[in-house]
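Below: one structure, written as C-alpha cells.
In what follows, chains carry the letters A, B, and so on, assigned in the order in which the sequence lines appear, proteins first and then strands, with residues in each chain numbered from 1. Quantities reported herein were computed from a predicted structural model and do not represent experimental measurements.
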Protein chains: 2
Amino acid sequence: MALENQELRKAGLKVTLPRVKIYQILERAGEGQHFSAEDIYKMLMESGEDVGLATVYRVLTQFEAAGLVSRHHFEGGHSVFELARDEHHDHVVCVKCGRVREFVDQELTQRLNDIAEELGFTVTDRTLYLYGVCRDGCEEDE
Amino acid sequence: MALENQELRKAGLKVTLPRVKIYQILERAGEGQHFSAEDIYKMLMESGEDVGLATVYRVLTQFEAAGLVSRHHFEGGHSVFELARDEHHDHVVCVKCGRVREFVDQELTQRLNDIAEELGFTVTDRTLYLYGVCRDGCEEDE
DNA sequence: TCGCATTTGTAAATGGCTTCCGTTTTCGCC
DNA sequence: GGCGAAAACGGAAGCCATTTACAAATGCGA
C-alpha cells in the first residue's frame with residue numbers, strides 16, 4: 001500500500017483516496033488490460049467507493065501527464081488506459097471479439113526509425129494498431 | 001466534371017451538389033492533404049455553397065463506406081479525411097509544426113503480417129502514426 | 001492541531017458527430 | 001420535357017465522451 005503512495009508522491013501528486021484507488025485498480029489488472037474511464041468509474045462504484053466520474057477523468061489525465069499511465073485511442077472514439085511500462089508495445093485488436101493483444105518487436109521499431117530517418121524526421125512516439133481477426137475461433141465476446 | 005459523377009455513380013450514390021462539391025474539394029487538394037469535416041464545411045461556406053455540416057458528415061461517411069475516401073483518427077480527437085488511394089500508406093506527424101507526411105513501405109507491411117501471424121491473427125487493416133519532429137527546422141506552422 | 005492550497009463531487013458546459021423530420025432534389029419512366 | 005416515388009438535404013435537436021465551474025471537503029506542512 002505504501003507503494004502506490006510512493007509512486008503518487010514521486011509524481012508530485014497528493015495522496016488522496018481517489019488517486020490511490022484508481023492506481024490500485026490499474027495495478028491489480030496487470031499487463032495487457034485496458035480500461036476506459038467509464039470502466040474504472042463502474043469498478044469504483046461496485047466496490048462502494050464514492051468517486052465522481054469527473055475525478056476519474058482528472059486523475060487519469062494527471063497520471064498520464066506524470067507518466068504513470070499511457071492512454072490509447074482506439075479507432076472509433078473513447079480512450080483506454082493502462083499502467084505505463086518501460087518498453088514500447090503495440091496492439092492487435094480483433095474486430096470480432098474485441099480482444100486486444102500486445103506485442104513488442106525490436107525489428108519493427110528499427111524499421112520505423114529507419115523510415116523516419118529517410119523522411120528527415122525524428123520519432124518520439126507512435127501509435128500502431130493492427131485490426132483483424134483471431135485465426136482460431138473467437139465468436140464469443142471475451 | 002463528368003469524372004466525379006462517374007465515381008459517385010459507380011459507388012451507387014446519386015449525383016447531388018453537396019457530394020460533387022465535396023468530392024471536388026478532396027480531389028483538388030491532392031495527395032497528402034487531410035481535412036476534417038469542419039474544414040470542408042468552412043471551404044464550402046467560403047465558396048458560397050450552402051451545405052449543412054450534417055450533410056458534410058453524412059457524405060464523408062458515405063464516401064468512406066464506398067471506399068472513395070479513407071478516414072484517419074489522429075491522437076486527440078476528430079477525424080480527418082483524404083481521397084482513398086490503392087496503396088496502404090502510413091503517417092508521420094510532426095508535433096511541432098503539425099505537418100503530416102506519408103509513406104509506403106513494403107518491408108514494414110511484411111514485418112507486421114509476420115508478427116500477426118505469430119500471434120495467430122490475420123490483419124485486415126492498420127493504423128500507424130509516427131509522432132515526432134522534423135529534423136530540419138519547422139518552427140513555422142505549416 | 002490548524003490553515004489553506006489542493007482536490008473533490010455535482011452539475012452544467014463543450015464539442016464532435018449523428019439523428020430526426022419536414023422540405024427539396026434526383027432520375028427512371030412516360 | 002414533365003411526373004412522382006425514393007433518396008438526399010438543411011437545420012435543429014440529441015447523443016456521448018470528456019472538461020469545466022464552483023462550493024464543499026481533504027491532505028499535509030508548519
Steps toward ring-ring contact (aromatic ring centres under 6.0 Å, His included) verdict (H34(A), H91(A)): CA-CA 11 Å; H34(A) 305 77; H91(A) 297 85; 4.9 Å; yes
Reference residue I25(B); test side chain to side chain contact (heavy atoms under 4.5 Å, CB included); the match among R28(B), E27(B), K21(B): R28(B)
Whichever of V80(B) and G12(A) has its nearest DNA chain C nucleotide further upstream toward 5': G12(A)
Side-chain N or O of T61(B) closer than 4.0 Å to phosphate OP1/OP2 of dC17(C): no
N-O pairing of E117(A) and R135(B) below 4.0 Å: yes
Which residue lies more 5' along DNA chain C, comparing R9(B) with A37(B) via nearest heavy atoms: A37(B)
Whole-Å gap separating P (dC9(D)) and CG (L13(B)): 9 Å
Closest nucleotide among dT7(C), dG10(D), dC28(D) to the T16(A) side chain: dT7(C)
Atom-to-atom span, CZ of R71(A) to P of dA17(D) - whole angstrom: 14 Å
Atom-to-atom span, CG of L53(A) to C1' of dA17(D) - whole angstrom: 9 Å
Distance, rounded to the nearest Å, where K14(B) contributes NZ and dT26(C) contributes P: 9 Å
Integer-rounded Å distance: dA8(D) P and F63(B) CZ: 11 Å
Sugar-phosphate, base or nothing in reach of T55(B), heavy atoms under 4.0 Å: base
Shortest non-hydrogen separation from H88(B) to V104(B) and the atoms involved: O-CG2, 3.7 Å
First of A54(A) and V56(B) reached from the 5' end of DNA chain D, by closest nucleotide: V56(B)
Smallest separation among heavy atoms of P18(A) and T55(A), with atom names: CB-CG2, 3.8 Å
Any Y57(A) side-chain nitrogen or oxygen under 4.0 Å from OP1 or OP2 of dT19(D): no
Modelled atom types, side-chain donor and acceptor of E82(A) and Q33(A), under 3.5 Å: no
Angle by which the axis turns from one end of the helix from dT1(C)-dA30(D) to dC30(C)-dG1(D) to the other, five pairs per end, to 10 degrees: 30°
dC17(C) phosphate, OP1 or OP2, under 4.0 Å from R58(B) side-chain N/O: no
No-hydrogen, no-angle side-chain donor-acceptor test under 3.5 Å, T61(A) and R71(A): yes
Nucleotide dT26(C), atom P - distance to CG of L8(B) in whole Å: 13 Å
L17(B) CG to dC9(D) P, straight-line distance once rounded to whole Å: 9 Å
Distance, rounded to the nearest Å, where H72(A) contributes NE2 and dT18(D) contributes P: 14 Å
Donor-acceptor pair (no angle test) under 3.5 Å: R19(A) side chain, dG27(D) base: no
